[in-house]
Amino acid sequence: QVQLVESGGGLVQTGGALRLSCTASGRTFSAYTMAWFRQGPGKERQSVAQISWRDSSTDYADSVKGRFTISRDNAKNMVYLQMTSLKPEDTAIYYCAARWGSVVGYLASEANYWGQGTQVTVSS
């Protein structure tokens with residue numbers, strides 16, 4: 001069992017930066033591929049960034065490549081999403097997710113655990 005709690009969301013102006021954090025409980029955190037998904041108003045939940053436990057390989061949505069960076073600290077049971085050059089279209093609820101295994105690129109329907117989400121709003 002893994003419980004996930006996100007923090008770090010908020011309101012920021014276009015071009016600004018935010019850092020999201022996800023705290024995970026559970027003894028086998030290091031065996032999960034962690035991910036950040038987001039869901040905007042009227043939109044489906046989509047993957048933003050993922051990081052494997054095995055080799056820290058990553059996967060990013062095309063829309064955030066070069067602007068967002070995902071990282072993890074297995075010793076602290078933490079995963080982070082550093083977001084820079086934020087745009088209004090990045091406005092969404094951001095969710096931390098976990099899936100057993102080492103493969104990145106999984107869909108929302110394939111995640112095993114979810115956090116409650118944190119709101120990110122980018123003003124123009």
Side-chain angles (χ1 to χ4, degrees):
Q1 188 80 4
V2 175
Q3 292 184 327
L4 306 172
V5 178
E6 303 95 336
S7 61
L11 174 64
V12 64
Q13 291 184 334
T14 296
L18 281 175
R19 187 194 195 204
L20 305 183
S21 299
C22 175
T23 303
S25 63
R27 293 177 295 176
T28 58
F29 170 78
S30 60
Y32 287 82
T33 289
M34 302 301 296
W36 289 96
F37 285 75
R38 69 185 181 188
Q39 188 167 17
K43 297 182 179 180
E44 294 185 351
R45 192 171 299 188
Q46 295 184 324
S47 177
V48 174
Q50 303 190 11
I51 185 166
S52 171
W53 71 265
R54 182 185 295 276
D55 57 4
S56 291
S57 58
T58 56
D59 180 75
Y60 291 95
D62 288 342
S63 59
V64 306
K65 284 181 180 177
R67 299 189 298 123
F68 291 11
T69 302
I70 189 171
S71 61
R72 66 188 294 164
D73 186 335
N74 288 341
K76 296 181 178 180
N77 281 13
M78 297 287 294
V79 62
Y80 307 98
L81 184 68
Q82 180 67 50
M83 305 185 293
T84 63
S85 301
L86 283 162
K87 305 174 182 179
E89 50 264 44
D90 294 319
T91 295
I93 299 174
Y94 283 71
Y95 297 90
C96 181
R99 182 178 186 268
W100 180 271
S102 61
V103 177
V104 295
Y106 60 87
L107 302 175
S109 59
E110 297 172 316
N112 299 124
Y113 301 101
W114 291 97
Q116 82 288 351
T118 185
Q119 177 70 48
V120 172
T121 302
V122 184
S123 63
S124 57

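Small disclaimer: the values here were computed from a predicted structure and weren't measured.
- Atoms OG and CD1, on S47 and I70 in that order, are 8.0 Å from each other to the nearest 0.5 Å.
- Judged by distance alone, the side chain of Q39 and the main-chain N or O of Q46 form no donor-acceptor pair under 3.5 Å.
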Kindly indicate, with the supporting measurements, whether the criterion salt bridge (Lys or Arg N to Asp or Glu O under 4.0 Å) is fulfilled by K65 and D62. CA-CA 5 Å; K65 284 181 180 177; D62 288 342; 3.1 Å; yes
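- Judged by the 6.0 Å distance and 45° axis criteria, R99 is not positioned over the aromatic ring of Y32.
- Residue L81 holds its CG atom at 11.0 Å from OG1 of T118, rounded to the nearest 0.5 Å.
- Atom CD of Q3 sits in a sparse spot, with 12 or fewer heavy atoms from other residues, nucleotides or ligands closer than 6.0 Å.
- Judged by distance alone, the side chain of Q50 and the main-chain N or O of T58 form no donor-acceptor pair under 3.5 Å.
- R38 and Y94 share a donor-acceptor pair across their side chains, judged by distance under 3.5 Å alone.
- By the 30° and 60° cut-offs, the orientation of the rings of F37 relative to W114 is perpendicular.
- For the pair R19 and Y80, the cation sits on the ring face: its NZ or CZ lies under 6.0 Å from the ring centre, inside 45° of the axis.
- Without hydrogens or angle criteria, T14 side chain to K87 main chain gives no donor-acceptor distance under 3.5 Å.
- In terms of heavy-atom proximity, L86 sits nearest to R67 at CA-NH1, 3.9 Å.
- Side-chain N or O atoms of N112 include one that pairs as donor or acceptor with a backbone N or O of W100 at under 3.5 Å.
- A donor-acceptor contact shorter than 3.5 Å links the side chain of S52 to the backbone of S102.
- At least one donor-acceptor pair under 3.5 Å links the side chain of Y106 to the backbone N or O of T33.
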